[in-house]
Amino acid sequence: MNKIPTHLAKATLFGVLAVSFAAPAVEANTTTLRVAHVWPGGSMIDRELFQAWAESVEEASDGQLKVEVFPSQTLAKSAQTYESAVSGIADIGASAQGYTAGRFPLTQVVELPGVSSSARQGACILQSLYDQGYFEQEYADTRPLFLFTTGPGYLHTKDQLIETPADLEGLRLRRPTPVVGDMFERLGAQAVGMPAPDVFTSMQRGVVDGLSFNWEGMKTFRLNELAQYHTEVPLYDLSLFATMSQRSYDSLPTDLQQVIDDHSGLKWSLRAAEVYDEMIRQGREEAVEAGHEFVVIEDALEDPEWGPVLQQTIDDYLEDIGGSANDIYKAAMDLQQSCAA
């Protein structure tokens, strides 16, 4: 066997040592943030909101921050997503406030019928109220990045068209929030609670006859394949969050905290709303092209049949929550005009 000259052996050894010591140094300068969200992987929300946010953060940090996105409840189930950010299981969690029942009552004032008419308007109202300090205490155990909404949620059914509130009697309907669930129960329907990703299978198996959902969800979760009757009466506008573990944020150096701050607030709320409003357009268009049947309730709060039902829902919720709920509702309605642009 040929011997390696001593000086070459030493050079090789030093080279190996140099590489082995250099590699951890690169890793040490990189922090990985894990984002847990509930939307399907590859969906428009996943691609154009969360993946886009991840890429923008990585670029702005010159690669010092790496962001791994876990869609489809793969890191945290929908009901545990907020808590996963509190505990640090996820560095960032994104889901609906309503999946954590009773935790965000003041935030969910924004979900009441008639507060907003689009995802953009809803996101602007919600983020503005948070920025003004109306319900920041509800997020005291995390660091919210941006808040947004789904746009109005309507009624979608499998076998019959809903024209009046009386038509809901006897139906089994997936409720998006407890508030809408209470409305269904008052009207003689059976309200069934379940996360959005579970609705397709439940409707396919006949567990539910229909649901209340926004048009984005109808497309994202393939529900237009099953529900062919649509009643466009705005029952709610689901609030959503993207929030960061305070521990994860505090562990970052100041310059990287600034990167996160620059990827927070109204700018990203409206970015989320832009994606949602496009998906809303696509979801409705999909149903139109499929030849589905529609009923459109104009000025729902003034409608002689739907108006009293919606107003009772608003009044009952504000009375039940009490405290500053009425002030938040008034502030939300005052923001409608400035947030409509």
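Both Val86 and Ile92 sit in one connected hydrophobic cluster of ILVMFWY residues. Membership requires side-chain heavy atoms under 4.5 Å apart, directly or through other members. If you chain together hydrophobic residues whose side chains sit under 4.5 Å apart, Phe221 and Val208 fall into the same group. Tracing side-chain contacts under 4.5 Å through hydrophobic residues (I, L, V, M, F, W, Y), one reaches Val115 starting from Leu301; they form part of the same cluster. No chain of hydrophobic side-chain contacts below 4.5 Å, direct or via other Ile, Leu, Val, Met, Phe, Trp or Tyr residues, connects Ile89 to Leu33. Both Tyr134 and Phe146 are members of a single hydrophobic cluster when ILVMFWY side chains are connected at heavy-atom separations under 4.5 Å.
The two residues Ala85 and Ser245 make their nearest non-hydrogen contact at O-CB, 3.0 Å. The minimum heavy-atom distance between Thr149 and Ser118, with the atom names listed, is OG1-O, 4.3 Å. The two atoms that bring Tyr276 and Ala119 nearest to each other are CB-CB, 3.6 Å, heavy atoms only. Residues Ala52 and Arg271 approach most closely at CB-NH2, 3.3 Å, considering heavy atoms. A pairwise comparison of heavy atoms in Leu129 and Ala332 identifies CD1-CB, 3.9 Å as the closest pair. Shortest non-hydrogen contact noted between Gly114 and Gln336 is O-NE2, 2.8 Å.
Side-chain contact between Gln190 and Phe184 is absent, with no heavy atoms from C-beta onward closer than 4.5 Å. Counting heavy atoms from C-beta outward, Trp268 and Ser56 have side chains that approach closer than 4.5 Å. Side-chain contact between Leu270 and Cys124 is present, with heavy atoms from C-beta onward closer than 4.5 Å. Proximity of Glu111 to Leu238: side-chain heavy atoms (C-beta onward) are separated by under 4.5 Å at one or more points. Counting heavy atoms from C-beta on, the side chains of Leu318 and Leu112 come closer than 4.5 Å. Annotation: side chain of Leu106 is in contact with side chain of Ser324 (closest heavy-atom distance under 4.5 Å). Contact of the Asp277 side chain with the Arg281 side chain is not registered, since no non-hydrogen atoms from C-beta on lie closer than 4.5 Å. For the pair Val233/Leu155, a side-chain contact is recorded, criterion being any heavy-atom separation below 4.5 Å from C-beta on.
Checked by atom type and distance alone, the side chain of Asp237 pairs as donor or acceptor with a backbone atom of Gly151 at under 3.5 Å. Panel note: side chain Ser84, backbone Thr81; a donor-acceptor pair is recorded below 3.5 Å. Under a 3.5 Å cut-off, the side chain of Arg174 and the backbone N or O of Met194 do form a donor-acceptor pair. Judged by distance alone, the side chain of Glu216 and the main-chain N or O of Ile280 form no donor-acceptor pair under 3.5 Å. Side chain of Asp316 to backbone of Thr313: no donor-acceptor contact under 3.5 angstrom is found. Distance alone, capped at 3.5 Å, places no donor-acceptor pair between the Asp209 side chain and the Leu173 backbone. Remark: the backbone N or O of Pro165 is not paired with any side-chain donor or acceptor of Glu305 at under 3.5 angstrom. Side-chain N or O atoms of Glu138 include one that pairs as donor or acceptor with a backbone N or O of Thr107 at under 3.5 Å. A donor-acceptor contact shorter than 3.5 Å links the side chain of Ser251 to the backbone of Ser248. Using modelled atom types, no side-chain atom of Thr243 and backbone atom of Thr142 make a donor-acceptor pair closer than 3.5 Å.
Aromatic rings from Tyr317 and Tyr329 are positioned such that their centres are separated by 6.0 Å or more.
If you take CG on Leu235 and OG on Ser212, they are separated by 4.0 Å, rounding to the nearest 0.5 Å. Taking CD of Glu286 as the reference point, atom NZ of Lys219 lies at 4.5 Å (rounded to 0.5 Å). Between atom CD of residue Glu83 and atom OG1 of residue Thr100 there is a gap of 8.5 Å, rounded to the nearest 0.5 Å. Remark: Thr157 OG1 to His292 NE2 distance equals 11.0 Å, nearest 0.5 Å. With values rounded to the nearest 0.5 angstrom, Ile260 atom CD1 is found 8.0 Å from Tyr249 atom OH. Asn214 CG to Thr150 OG1: the interatomic distance, rounded to the nearest 0.5 Å, is 4.0 Å.
Crowding of Glu59 atom CD: a count of heavy atoms from other residues, nucleotides or ligands under 6.0 Å not exceeding 12. Within 6.0 Å of CD in Glu319 there are 12 or fewer heavy atoms belonging to other residues, nucleotides or ligands. Surrounding CZ of Arg247 are at most 12 heavy atoms belonging to other residues, nucleotides or ligands under 6.0 Å away. Applying the 6.0 Å contact sphere to CD of Glu302 captures no more than 12 heavy atoms from other residues, nucleotides or ligands. The number of heavy-atom neighbours closer than 6.0 Å to CG of Asp250, taken from other residues, nucleotides and ligands shown, is above 12.
Chaining together hydrophobic side chains whose heavy atoms lie under 4.5 Å apart leaves Val296 on its own. Here Tyr99 sits alone; no ILVMFWY side chain lies under 4.5 Å from its own, so it joins no hydrophobic cluster.
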>> Walk me through whether Arg143 and Asp91 qualify under salt bridge (charged side-chain N to carboxylate O under 4.0 Å, His left out).
In response: CA-CA 10 Å; Arg143 187 179 186 86; Asp91 299 291; over 6 Å; no
>> Checking Gln204 against Leu226 for the side chain to side chain contact (heavy atoms under 4.5 Å, CB included) test, could you report, in this order, the C-alpha distance in whole Å, the side-chain angles of both residues, the deciding distance, and whether it holds?
In response: CA-CA 7 Å; Gln204 197 174 42; Leu226 301 176; 4.2 Å; yes
> side chain to side chain donor-acceptor pair (under 3.5 Å) between Asp262 and Gln258: does it pass, once the steps are laid out?
Replying inline: CA-CA 6 Å; Asp262 291 342; Gln258 187 61 52; 2.9 Å; yes
> Going through the distances and angles, do Phe50 and Val275 end up as a side chain to side chain contact (heavy atoms under 4.5 Å, CB included)?
Replying inline: CA-CA 11 Å; Phe50 294 107; Val275 176; over 6 Å; no
> Could you walk me through whether Asn224 and His230 pass the side chain to side chain contact (heavy atoms under 4.5 Å, CB included) check?
Replying inline: CA-CA 10 Å; Asn224 278 329; His230 311 282; 3.7 Å; yes
>> Pair His156, Trp215 - check side chain to side chain contact (heavy atoms under 4.5 Å, CB included), show working.
In response: CA-CA 10 Å; His156 312 273; Trp215 280 115; 3.9 Å; yes
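Using modelled atom types, one finds a donor on one side chain and an acceptor on the other under 3.5 Å when comparing Gln97 with Tyr139. No hydrogens or angles considered: a donor-acceptor pair under 3.5 Å links the side chains of Gln282 and Glu278.
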Using residues 62-80 as the side-chain source, report each donor-acceptor pair under 3.5 Å to any protein atom, sequence neighbours left out, with the distance given to one decimal.
unit_1 : atom_1 : unit_2 : atom_2 : d
Gln64  : NE2    : Ser61  : O      : 3.4
Ser72  : OG     : Gly41  : N      : 2.9
Gln73  : OE1    : Ser78  : N      : 2.8
Gln73  : OE1    : Ser78  : OG     : 3.3
Thr74  : OG1    : Pro71  : O      : 2.7

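We find that Asp334 and Lys330 are joined by a salt bridge, their nearest charged nitrogen and carboxylate oxygen being less than 4.0 Å apart.
Within the cation-pi definition used here (under 6.0 Å to the ring centroid, within 45° of the axis), Arg284 qualifies as a partner of Phe294.
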